[in-house]
Amino acid sequence: MVEQLTDEERGEALDELDEWDYDEGRDAISRSITFADFSEAFAFMTRVALLAEKHDHHPEWSNVWNRVDITLTTHDAGGLSHRDIAMAEAIDLLVD
């Protein structure tokens, strides 16, 4: 079973994830990314989908034209876990 982050682990992780917003009510992180057009946004989503399969951890997300909104939380853990942080870091590497 995947364990939820402790308050200390969560704080340290959030300090490193500058582009992500924390939703305390859901114990989740989210990020909105804007691309030049729909094709770039969709290509990004394809790359994230491949990462998600590899990590066996799938985001909640939506796409409207050139914007992709992503939310990460681990339902089995009841909130943020190391899986979410690892996925956010991998996503950041695709964007930055």
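Only a predicted model underlies this, so the values are computations on that prediction, with no experimental measurement involved.
Annotation: side chain of E60 is not in contact with side chain of I70 (no heavy-atom distance under 4.5 Å). Taking 4.5 Å as the limit, every side-chain heavy atom of V68 sits out of range of all side-chain heavy atoms of V48. Side-chain contact between V64 and R67: present, with at least one pair of heavy atoms (C-beta onward) separated by less than 4.5 Å. Taking the side chain as every heavy atom from C-beta outward, I29 and D21 never approach each other to under 4.5 Å.
Among L5, T71, L72, the single residue meeting the side chain to side chain contact (heavy atoms under 4.5 Å, CB included) criterion with D84 is L72.
Rounding to the nearest 0.5 Å gives a distance of 4.5 Å between CD of E19 and CZ of R31. Of the inter-residue distances, the one linking M45 atom CE with L94 atom CG reads 13.0 Å to the nearest 0.5 angstrom.
Across V95 and I33, no two heavy atoms sit closer than the pair CG2-CD1, 3.7 Å. Taking every heavy atom of both residues into account, A36 and N66 meet most closely at C-CB, 4.2 Å. Of all the heavy atoms in G78 and Q4, the pair that sits closest is O-NE2, 3.4 Å.
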Test log, rule side-chain contact (heavy atoms from CB on, under 4.5 Å), inputs I85 and L14: CA-CA 9 Å; I85 303 310; L14 293 175; 5.5 Å; no
L80 vs E9, side-chain contact (heavy atoms from CB on, under 4.5 Å): CA-CA, chis, key distance, verdict: CA-CA 10 Å; L80 282 177; E9 291 170 330; over 6 Å; no
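Proximity of a side-chain donor or acceptor of S81 to a complementary backbone N or O of R83 within less than 3.5 Å is detected. The backbone N or O of A77 sits nowhere less than 3.5 Å from a side-chain atom of T74 that would complete a donor-acceptor pair.
Applying the 6.0 Å contact sphere to CD of E40 captures more than 12 heavy atoms from other residues, nucleotides or ligands. With a 6.0 Å radius and a threshold of 12 heavy atoms from other residues, nucleotides or ligands, D37 has its CG atom above the threshold.
Taking a 4.5 Å side-chain heavy-atom cut-off between Ile, Leu, Val, Met, Phe, Trp and Tyr, the cluster of F38 extends to F42, W65.
When only modelled atom types and interatomic distance are considered, E53 and H58 share a side-chain donor-acceptor pair under 3.5 Å. Looking only at atom types and distance, the side chain of D69 has a donor-acceptor partner in the side chain of S32 under 3.5 Å away.
A salt bridge links R10 with D27; the closest basic N to acidic carboxylate O contact falls under 4.0 Å.
Among residues two or more places apart in sequence or in another chain, the side-chain hydrogen bond (donor to acceptor under 3.5 Å, both in side chains) test is passed with T73 by none.
Applying the ring pair (Phe, Tyr, Trp, His ring centres under 6.0 Å) definition to pairs two or more places apart or across chains, those involving residues 7-35 are F35-F44.
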